[in-house]
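So you know, we letter chains A, B, ... as the sequences are listed, proteins then strands, and number each from 1.
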There are 2 protein chains.
Amino acid sequence: MIRIAIADDHYLLLGGLKEALNAVPDLEVIGTAGDGEEFVALVETHGPDVLLIDIEMPKLTGIQALRKLKNAPAAIVMTMHTGDDNLKRAEAAGAVGFLSKETRLPDLAAAIRAAAAGETLIGAENLDEILDRHRQPVLDAGASALTARERELLGLLASGISATDEIADAMFISQKTVKNHLASIYEKLAIADRAQAAVEAIRLGLHRRDT
Amino acid sequence: MIRIAIADDHYLLLGGLKEALNAVPDLEVIGTAGDGEEFVALVETHGPDVLLIDIEMPKLTGIQALRKLKNAPAAIVMTMHTGDDNLKRAEAAGAVGFLSKETRLPDLAAAIRAAAAGETLIGAENLDEILDRHRQPVLDAGASALTARERELLGLLASGISATDEIADAMFISQKTVKNHLASIYEKLAIADRAQAAVEAIRLGLHRRDT
DNA sequence: TGGGCCATAGGGCGTACGACCTATTTGCTA
DNA sequence: TAGCAAATAGGTCGTACGCCCTATGGCCCA
């Protein structure tokens with residue numbers, strides 16, 4: 001589990017980003033801050049693995065906050081305006097990554113994993129290769145062991161299809177096979193019943209929230 | 001359920017905002033767009049109830065996109081830079097709300113509800129009063145009818161405590177009372193078993209994801 | 001060609017689950 | 001003060017659920 005701290009004075013982005021990153025199985029947002037001073041305190045208190053920092057912030061800019069942190073963990077600087085001077089200043093302050101806020105979530109997640117693994121993204125000419133390498137390398141411990149059919153069944157559970165006969169109809173298999181798949185899921189995820197399976201399914205992002 | 005369309009070229013905000021708003025029980029993001037043209041098509045196809053529009057966008061700015069829409073639903077304009085001329089242009093284009101991206105999620109949700117209810121936020125001198133009036137006025141149909149103890153039980157379910165005896169121990173009540181509460185929950189939420197209850201509990205935000 | 005994994009399916013068994021009904025105590029409020 | 005809702009608890013009943021075991025056909029790969 002990679003522990004992340006976010007600094008941004010745009011609360012919509014802050015709250016949303018937190019939700020989105022927490023929905024990624026191996027990422028966890030341990031705290032957020034709306035200005036530089038708050039952020040420095042947050043990082044020193046909780047010791048996250050990776051920092052996500054917006055440049056434009058009140059009190060202390062992201063760059064200043066980063067400079068202020070001794071032994072700072074890997075930091076990724078985000079900005080609205082990807083000017084060249086911003087990049088250079090971020091690099092000088094010790095950032096290992098520099099992203100536009102137009103970046104998409106999977107790329108951000110990959111960048112965070114890369115940063116947590118100690119890789120430097122700024123100035124890397126093989127950036128795509130690095131990101132690809134960190135693109136969901138592992139899901140959860142047991143989740144990666146799930147077969148396609150098992151994931152499909154979990155998807156149904158997460159969308160509220162819980163009765164054996166309904167699942168069987170939806171998957172065009174017998175009720176017996178549904179139970180077999182469930183038993184296999186229980187073992188792999190170390191859980192005991194459908195309710196827990198539903199919780200796990202949602203946590204693993206196996207639900208389709210858009211139809 | 002208020003159906004929302006979002007336009008923003010910053011994908012981090014777009015994805016995050018979508019996650020955050022979908023987590024609000026009475027709100028549903030039915031589509032997102034990264035530029036003005038895409039957005040116009042999205043709105044005309046899906047007919048959302050409320051529009052969330054960023055001003056700064058490629059191809060068509062938010063203002064231009066809004067002008068282009070005939071019979072546009074209630075529109076809230078968001079921006080990074082709350083300049084006075086931006087506000088006036090948004091108003092002229094037919095927006096009913098104008099928010100900085102520093103707005104916090106509960107305020108945004110209230111503004112969306114107000115807009116969906118046909119209220120105009122721009123230029124309203126009693127803005128706070130309007131927002132307060134729409135601050136979670138209703139949860140879900142049945143969800144607001146849930147009692148404190150029922151919510152507590154759902155919280156346990158959402159965190160993976162699903163067996164009757166475990167719930168009973170955690171809540172310091174008999175197994176019988178657990179079943180009574182569950183039966184009451186099933187009726188109020190129109191569901192049938194613990195697995196569906198777990199799904200609903202998570203959707204209603206009754207789980208504590210930060211310990 | 002054999003072994004392994006997956007998807008499919010069936011049977012039997014014990015029990016936890018959900019449905020329906022009743023009942024007591026507490027606390028608010030009309 | 002009477003009434004009502006919430007929280008607590010008990011009983012019965014039928015069945016869906018989870019567990020264990022066996023089995024077959026398809027596929028891949030060593």
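Residue pairs meeting the salt bridge (Lys or Arg N to Asp or Glu O under 4.0 Å) criterion with at least one member in residues 31-44 of chain A, sequence neighbours excluded, are A:Asp35-A:Lys59.
Between its opening and closing five pairs, the helix from C:dT1-D:dA30 to C:dA30-D:dT1 changes axis direction by 40°, a value rounded to 10 degrees.
Non-hydrogen atoms lying under 4.0 Å from DNA chain D are contributed by B:Ile173, B:Ser174, B:Lys176, B:Thr177, B:Asn180, B:His181, all within residues 167-186 of chain B.
Nucleotide D:dA5 holds its C1' atom 15 Å from the CG atom of B:Leu146, rounded to whole Å. The separation between A:Leu157 atom CG and D:dG18 atom C1' is 14 Å, rounded to whole Å. For A:Lys188 and D:dC19, the NZ to C1' distance is 17 Å, given to the nearest whole Å. In this structure, CG of B:Leu153 is placed 12 Å from C1' of D:dA7, rounded to the nearest angstrom. What separates CD of A:Gln196 from P of C:dA16 is a distance of 15 Å, to the nearest Å. The nearest whole Å value for the distance from the CD atom in A:Glu150 to the P atom in C:dC5 is 13 Å. Between the CD atom of B:Glu187 and the P atom of D:dA6 there is a distance of 11 Å, rounded to whole Å.
The two residues B:Ile202 and A:Val199 come nearest to each other via the heavy atoms CD1-CA, 3.9 Å.
Residues satisfying the side chain to side chain donor-acceptor pair (under 3.5 Å) criterion with A:Thr45, sequence neighbours excluded, are absent altogether. A:Ala75 meets the side-chain contact (heavy atoms from CB on, under 4.5 Å) test with A:Leu51, A:Ile53, A:Leu66; sequence neighbours excluded. B:Glu187 meets the side-chain contact (heavy atoms from CB on, under 4.5 Å) test with no other residue; sequence neighbours excluded. Residues meeting the side chain to side chain donor-acceptor pair (under 3.5 Å) test with A:Ser174, sequence neighbours left out: A:Thr177. Every residue two or more places apart in sequence or in another chain that forms a side chain to side chain donor-acceptor pair (under 3.5 Å) with A:Lys176 is listed here: A:Asn180. Residues meeting the side chain to side chain donor-acceptor pair (under 3.5 Å) test with A:Asp193, sequence neighbours left out: B:Ser162.
For the pair A:Thr147 and C:dC5, the criterion of a side-chain N or O lying under 4.0 Å from OP1 or OP2 is not met. Contact check, A:Arg149 against C:dC6: no side-chain N or O comes under 4.0 Å of OP1 or OP2.
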>> Does B:Arg149 form a side chain to side chain contact (heavy atoms under 4.5 Å, CB included) with B:Met171? I'd like the steps, not just the answer.
In response: CA-CA 9 Å; B:Arg149 225 41 184 147; B:Met171 293 181 70; 3.7 Å; yes
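Ranked by how close their nearest DNA chain D nucleotide is to the 5' end, B:Ala148 and A:Ser162 are led by B:Ala148.
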